[in-house]
Amino acid sequence: MTPRRPLRLAVCALALASNALAGIVLADEANRSQTDKSLVGQPLGVVELFTSQGCSSCLPADAFFAELAAKENIVALAYHVDYWDYLGWKDTLSRKENTERQYEYMRAFGSRSVYTPQAVINGRSHVNGARREEVDGALARMKTSGEGMQVGIKVSRTSDRVIIDAGHAGSGPSDAHVVIVYFDPPQTIKIGKGENTGRSMTYWNAVSGIQTAGMWHGKAHRYELPMSVIAKKGGCAVLLQSVGKDGMPGPILGAALIHKP
């Protein structure tokens, strides 16, 4: 009887060790699922709406945009411009930088003027943002023609940072800017003056800031942002956007959304 006791103890110890190891593996997998889980899939496309609270023609576009912003496969960004403020109501979400981005697109497209509501699709073309069939048609057409999202972007996060992994382009484009576009959480605004006096509208994904986080040169690359920056905003979008030699914005090659944690 005595010689068997050490063997029994050894078997028990091995079982306990195995259970403990299994617990560690499961805990590690659970933790990894929280920190490394991709936040979005490959979107259908990017819709950038240039709009104003002071423009009566923008109300239908803003309503349609709210539907786009709710879709998981669309990166929808609303740039409130300031050039309609003279009508009597200063757009509470407008920024000079938003107006400047629209004028940059104007020059890139070879247009002579800007307008609202203008929807820029994938950085490649523009349509009236209130015309649902034109926006949907442009997104579908670009997907089938190879002008949709060509480069995969995976977004993950840990407790203190956001990790952006831009994919490999293969034989495609080789240079682009990694553009971070911050936006506000939904806000309901009652308009007190101008063409839309007395109207209330809930505005989604109103852009509050734009920055370039780095360059992408056609090969897989990783970028990081501090989580503290994202936490101060409603969220942000990552745009992999080519830029012309004149500095004007070009086609958007990849995109992803990062929602506020």
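Computed from heavy atoms alone, side chains included, the values below leave out hydrogens, waters and symmetry copies.
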Does the side chain of [X] pick up a donor-acceptor pair with the side chain of [Y] at under 3.5 Å?
X      : Y      : value
Gln211 : Tyr182 : yes
Tyr103 : Arg107 : no
Thr202 : Thr188 : yes
Gln102 : Tyr79  : no

Report whether [X] and [Y] are members of the same hydrophobic cluster (ILVMFWY, side-chain heavy atoms less than 4.5 Å apart, transitive linking).
X      : Y      : answer
Ile210 : Val81  : yes
Val47  : Val120 : no
Phe65  : Leu93  : no
Tyr223 : Ile230 : yes
Leu257 : Leu239 : yes

If I compare all heavy atoms of [X] with all of [Y], which pair ends up nearest, and what's the gap?
X      : Y      : result
Val135 : Leu68  : CG1-CD1, 4.2 Å
Gly123 : Gln241 : CA-NE2, 4.4 Å
Gly129 : Leu49  : CA-CD1, 4.1 Å
Thr197 : Gly194 : OG1-O, 2.6 Å
Asn196 : Cys55  : ND2-O, 3.2 Å

Return yes if some donor-acceptor pair links the side-chain N/O of [X] with the main-chain N/O of [Y] below 3.5 Å, else return no.
X      : Y      : value
Arg95  : Ser208 : yes
Ser56  : Glu195 : no
Asn73  : Leu44  : no
Asn205 : Ala69  : no
Gln53  : Thr92  : yes
Asp160 : Met227 : no
Ser52  : Gly54  : yes
Arg124 : Gly250 : no
Asn122 : Pro251 : no

Atom pair [atom1] ([X]) and [atom2] ([Y]), whose distance is rounded to the nearest 0.5 Å:
X      : Y      : atom1 : atom2 : value
Arg101 : Met106 : CZ    : CE    : 14.5 Å
Trp216 : Ser242 : CH2   : OG    : 9.5 Å
Gln150 : Ile252 : CD    : CD1   : 11.5 Å

Inset, instruction - Can you sort out the partners of Arg161 under salt bridge (charged side-chain N to carboxylate O under 4.0 Å, His left out), two or more places apart, ordered by chain and number? - result: Glu224

Legend entry - Short N-O contact, Glu147 and Arg141, less than 4.0 angstrom: no

Inset, instruction - Report the relative orientation of the aromatic rings in His80 and Tyr203; use parallel for angles under 30°, tilted for 30 to 60°, perpendicular for over 60°. - result: perpendicular

Legend entry - Side chains of Leu77 and Phe50 in contact at under 4.5 Å (non-hydrogen atoms): no

Legend entry - His126: ring-ring contact (aromatic ring centres under 6.0 Å, His included) partners, not counting sequence neighbours: Phe109, Tyr115

